[in-house]
Amino acid sequence: MIIIQNGVLVTPNGKKQTSLAMENGKIVKIGEIVPGPDDEVVDASGCYVYPGFIDGHTHLDLEVAGTVTADDFESGTAAAAAGGTTCVVDFATQYKGDTVLNALQTWQKKAEGKSHTNVAFHMAICDWNEQTKKDLPALREAGVTSFKVYMAYDTAVSDAEILEILDAIRPFGGILGCHCENGGLVTELQQKELAEGHTEPSAHPLSRPAEVEAEAVNRFCYLGKLADMPINVVHLSTKLGLEEIREARAHGQTVYIETCPQYLLLDDSNYSKEGFEGAKYVCSPPLRKKADIEALKLAVLTGEVDTIATDHCSFNYETQKKAGIGNFTKIPNGAPGIEHRPVMMMHIFGDDLDPNAYCRLMSSNPAKLYGMYPQKGALLEGSDADVTVWDPNVKWVIRASEMTQNVDYTPFEGMEVSGRARFVYVNGVLAAHDGVPTAEHPGTYVKR
Ligand code: URP
Ligand code: ZN
Ligand code: ZN
């Protein structure tokens with residue numbers, strides 16, 4: 001057995017100073033444990049022991065705009081583990097003309113043999129037709145309980161299709177997430193910016209103003225209401241969108257909110273950085289105003305936000321982002337974050353959130369929403385041995401040159417932060433130590 005001693009466990013019943021034992025990939029005992037001669041004892045003095053953090057929104061090995069994300073499942077999950085994450089829920093994406101079952105197989109193959117963390121898949125439905133509908137029960141059987149639709153990009157589906165998808169996933173309790181941006185408006189506003197000679201990254205947020213998100217959030221809420229289904233608004237970035245969700249919730253709807261550290265810290269002034277540097281922050285939805293950041297932070301503090309994910313979608317600045325020099329619409333959309341989510345959350349909120357809240361936002365809530373609880377997201381006897389031993393006292397500086405993510409920059413460069421994952425166990429195997437991944441690939445596919 002591996003026995004973690006002297007730490008403060010963050011359990012579903014609150015914090016407890018006690019020990020935890022793992023064997024054969026499971027947590028086998030929580031409480032006072034006397035180690036035997038064959039047991040490995042891990043000292044967690046001064047640390048919190050969390051159920052492994054779950055990142056419910058990543059894009060690894062994804063083709064976008066004629067290029068492929070800088071991180072695949074090897075580097076992406078190694079970086080996740082280095083930062084304290086033990087499970088990622090990535091997006092298997094059904095391209096036009098493909099079936100959802102084939103899309104799942106494609107993504108399972110991408111991850112096979114490469115996973116330092118556990119991996120589950122949402123299905124991004126991009127081609128809604130009779131075959132897709134027919135395949136949903138088999139997809140559910142294969143362990144997929146959560147879905148995403150886009151209202152923007154060439155992967156977008158129509159409002160009517162979203163309504164049909166909500167209906168189709170109801171029988172098995174599926175949850176639908178939505179990329180809420182009005183794609184038609186985005187195209188219109190991009191053309192307007194270009195026509196006015198605005199070709200720089202600073203035009204990116206102007207082409208996707210808060211109204212573009214809020215209108216789409218409002219529409220998604222009404223679609224959820226029409227279908228009488230819970231819905232999940234992913235990567236929420238605006239106060240205006242938040243207000244739409246508050247309104248829907250006030251009328252009794254279940255609307256889950258996901259946001260990401262970048263929307264809680266970085267504002268749109270980053271798009272005006274010298275030269276082409278602003279391209280590093282081109283993600284969609286874009287970074288927003290300080291007032292949006294404050295509104296979202298308050299929503300995290302009050303418990304209105306359900307989950308914190310990264311939307312990790314990394315592209316190298318030098319070789320990929322620069323494709324958009326002279327035309328900001330050609331900058332591949334996305335930013336890296338998979339390695340830094342836990343520490344950035346603690347950097348942003350410090351003691352304003354307690355370990356139970358960090359656990360809820362980054363582990364237990366995503367596990368519950370995505371059908372993995374209490375197998376994951378909880379320190380309980382019988383749960384999977386996905387465990388993050390977090391030392392809140394280590395001080396360090398985030399540097400792209402020292403990170404595991406396979407990308408040439410981080411939006412959090414130079415930030416002085418406190419806290420680091422001292423030991424990260426995935427299925428009871430050490431996947432990272434002091435911010436460095438081990439050579440192990442203990443991650444498995446999570447059939448939900
Ligand atoms: O810019 C982003 N976020 N790219 C990834 C795809 C998405 O919209 O989630
Ligand atoms: Zn999205
Ligand atoms: Zn995304």
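Along the sequence shown, residues carry numbers from 1. In listed order, ligands and their atoms are each counted from 1.
The aromatic rings of Trp390 and Phe53 sit perpendicular to each other, their planes meeting at more than 60°, with 30° as the lower class boundary. Ring pair Tyr281/Tyr271 is perpendicular by interplanar angle, where above 60° counts as perpendicular and below 30° as parallel.
For ligand 1, none of its N or O atoms has an N or O atom of Tyr150 under 3.5 Å away. For ligand 1, the polar-atom distance check finds an N/O of Gly334 within less than 3.5 Å of one of the ligand's N/O atoms.
At a heavy-atom cutoff of 4.0 Å, ligand 1 is contacted by both the backbone and the side chain of Asn333. Under 4.0 Å from ligand 1, heavy atoms of Cys283 appear from its side chain as well as its backbone.
At a threshold of 2.8 Å, the Zn ion (ligand 2) has a backbone or side-chain N, O or S atom of Lys148 nearer than that distance. Note on His57: counted as a metal contact of the Zn ion (ligand 3), an N/O/S atom lying under 2.8 Å. The Zn ion (ligand 3) has an N, O or S atom of His59 under 2.8 Å away, backbone or side chain.
A salt bridge links Arg170 and Asp167; the closest N-O separation between the charged side-chain nitrogens and carboxylate oxygens is under 4.0 Å. At a threshold of 4.0 Å, the pair Glu188-Lys192 does not count as salt-bridged, since none of the basic side-chain nitrogens sits closer than that to a carboxylate oxygen. A salt bridge is absent between Lys133 and Glu164: the closest approach of a Lys/Arg side-chain nitrogen to an acidic carboxylate oxygen does not fall below 4.0 angstrom.
A heavy-atom separation below 4.0 Å is not found between Phe91 and ligand 1.
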